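Only one structure is covered here, and it is reproduced in the block below.
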Amino acid sequence: MLSVLLKKQFLEMNQNLFRNRKTGKLRSRGGTVGFLILFCVLFLFIAAAFYGYADILCDALVSQGKAWLYFAMMGLMALFIGIVGSVFNTYAGLYKAKDTEMLLAMPVAPSSIITSRMLGVYVMSLLFTGIIWVPVTVRYIAAGASGTGIVFPILLLFILPLLVTVLTCLLGWVVAQVANRVSNKNVATVAAALAFLAVYYVVYFRLNSFLTSVVQNSESVAAAMKSWGYPLYRLGLAASGDVVSMVLTTLVTVGLFVLVCWIMSRSFLRLSLGGRQAKAAVYREKPLRAAGVNRALLGREWKRFTGSPIYFLNCGLGAIFLIAAAVAAVVKSDVVRMVADNIGNLVPGADGLAPLVVLTVICLFTGLNMITAPSISLEGKGISLIRSMPVSSRQVLAAKEKLHVLFNMAPAALCAVVCCIVAGADVLSILLVVLAVLAFNCVIAAVGLMLDLKRPNLTWTNEATPVKQNLSIVLVMMIEFILSAAILVGGWLLCRILGLRLTLLLIAVLLGAVFLLLQSWIDRRGTALFESLS
Amino acid sequence: MLEINGLTKIYGTTRAVDDLTLHIQPGEIYGFIGHNGAGKTTTLKSVAGILPFDEGQILINGRSIREQPLECKRDMAYIPDNPDLYEFMTGIRFLNFVADIYRVPAEIRTGRIGELADVFEIRENLAQPIGSYSHGMKQKLAVISAWLHDPKLILMDEPFVGLDPKASHTLKQMMREMCDKGGAIFFSTHVLEVAEKLCDKVAIIRSGKLIRAGTMEEVKGDESLEAVFLELEE
């Protein structure tokens, strides 16, 4: 039975690789080859980055006779990346797969279902850990390894993902337990995702200095690892060729995998079908507040945005980056001020252009918020509902743009004001930067809406499709990058002729004009396109 | 109340609705029956102002849905065949949203929502997200939202699908009461027994063309509606 389920599991993965998800048609041979090449290039690109990190540690530690510490540190990194990479997919894949009820209605043991899905997770883990472990092994072999020093790291390439699977499945199990008990799953999901993201960025930005300090303090790190991270110590020894450690690591990992399979198959039914353990909210009548039509439509967009973790996290993170950037500018005000004062030394002819740089950076961050880009597609099959109501298409579309602008306005303006003050800009320049940022924001809102009106996907069954597989979002990101680059380069050139203030004013006016043009298109063609959707 | 004159809707080369003419008077429950793909949903969506149509005219209380869509939509409500409501909202928030859109006065909306929710026994569930509702509960919510602003005309596409027997019975009573007060209802159904018992008039459509329409007696005569329908379909 397990083999049949595994076949289905791999067929599903295969479909994603070789079939166009939108049309359902097999990719052409050229398309498949292109897709595989792109995949390999991406893999190699990331693996090359990790080769760099391995390079920092390898020679230094191997020459000190601490090859095990090299593998222990890089193994820790592989475990971390593997877990971060697959924990949320794991929860969805293990417990929220749409075929659960269908399979349970068939003569299939729940343990077979969960085991087949865990093996699916194993393949994902293999990919994520491999992206680190392969360059780590290559670097070690290049340093002159031989015998078990070559064989064991290669074997661990397949054993380590088993450990990642165990840990991610356990984390997925915890997420499922929490999700079944909290009443507001969306807030919990967003909070957990943001926490993971914060940890990821902290680790990422400190990785270089951390690895360097490991090399500098290898004795104390090794001692700490032996006492506090004994399993990692054994893992490191195993990878560096120690037979006893290899056997021990393999047995413990396989044992843990079997144990986790057993634990999860026992709670599988309750967690995958339950979902009603949280106490359901009971309605208590109280006077309802009335709002105008436009406000009601804006409220609808707000609820959709904040009620969907996938929409919020993919299209609203820029606001968090903007606030973080404002805080960072205050905390590191001396560094910002120093860069601002010496910008002319870094780029010839750029003296006093810090406000232009601030504008560009904020445009880049605010452009990460693409609230309008999937907003038409997200109406989905329910689009008939709003179309049957006594509201004009213009009102519906305006609510989408308004949400984008209002959500971005405060953090963008705050970031602009704070960064400009820290960089020592004068009041007029600050006002002009804020004006330009707001105009840029309006342009991105209109571009996103326009693109999604032209290419809406209303037939999705999973909300992730219009958010994560939407060409409009990719195009908005590209346009945002190009526009930001044009602001920086064009502004730098114009500043030489017009000076900073006039340049900032010109940028704001030009962006405003672009917005008006786009808005005019939306008012005429856009509304007609919206009315043709049903 | 509702005048459909020569309605034609073309998809590519297919005439989904072909020169359809129907008039519905105040006080009438008008049933609309036909096989799958006959053009019922297309007609209802055209009347609701969702689908643009190619030829003909649709008037609601004398106003054209094409020329005065918002005014027409304020006078009516539409319940789709599949209640794709906003799953990101709670039931009460959705009803409040609908009340805002149809400008139901604040002082009466709470009471009216409470009354309708009690009738369909979903008051306690109103605080829960619509995403957690069963199909039947979503259908009940769609019905409540349609009745909320006291429309003059209600369009319904297969309204009884998913409703439990008690809710179906309640809905039939509400339909009758509304029409007795001068409103009108135009709905599609595949349940011919319900149509036969409930409707004042009935229209049968086949491949986009109206093949018979009139009072129930005129259409079925001494036979059952099912027998007439099957005969006409052959």
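Every chain is numbered from 1 and lettered A, B, ... according to where its sequence line falls, protein lines coming before strand lines. Given the structure is predicted, the values throughout are model-derived calculations rather than measurements.
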Neighbour count >12 (heavy atoms, 6.0 Å) for atom CZ, A:Arg295
no
Give the member of B:Gly114, B:Ala127, B:Gly111 that has the highest number of heavy-atom pairs under 4.5 Å with chain A.
B:Ala127
Tell me if a side-chain donor or acceptor on B:Asn96 pairs with a main-chain N or O of A:Ala290 at a distance below 3.5 Å.
no
Given a strict heavy-atom distance threshold of 4.5 Å, which part of A:Arg284 is in contact with chain B: side chain, backbone, both, or neither?
neither
Would a distance-only check, ignoring hydrogens and angles, find a side-chain to backbone donor-acceptor pair under 3.5 Å from B:Asp100 to A:Ala291?
yes
Side chain to side chain contact (heavy atoms under 4.5 Å, CB included), that's the test. Do B:Lys45 and A:Ser384 meet it? Break it down for me.
CA-CA 8 Å; B:Lys45 281 189 171 179; A:Ser384 296; 3.6 Å; yes
Without swapping roles, check the side chain of B:Thr110 against the backbone of A:Leu288 for a donor-acceptor pair under 3.5 Å.
yes
So, A:Arg300 and B:Tyr86: side-chain donor and acceptor under 3.5 Å apart, yes or no?
yes
I need the residue from B:Arg93, B:Glu71, B:Arg103, B:Met76 with the largest number of non-hydrogen atom pairs under 4.5 Å to chain A.
B:Arg93
Which one wins on heavy-atom pair count under 4.5 Å against chain B: A:Glu531, A:Glu379, A:Arg289?
A:Arg289
Could you tell me which portion of A:Ile383 (side chain, backbone, both or neither) has an atom closer than 4.5 angstrom to a non-hydrogen atom of chain B?
neither
Least distance between heavy atoms, B:Tyr78 atom then A:Ser388 atom:
CD2-CB, 3.8 Å
Engaged part of B:Ile113 at the chain A interface, taking heavy atoms whose separation is under 4.5 Å:
side chain
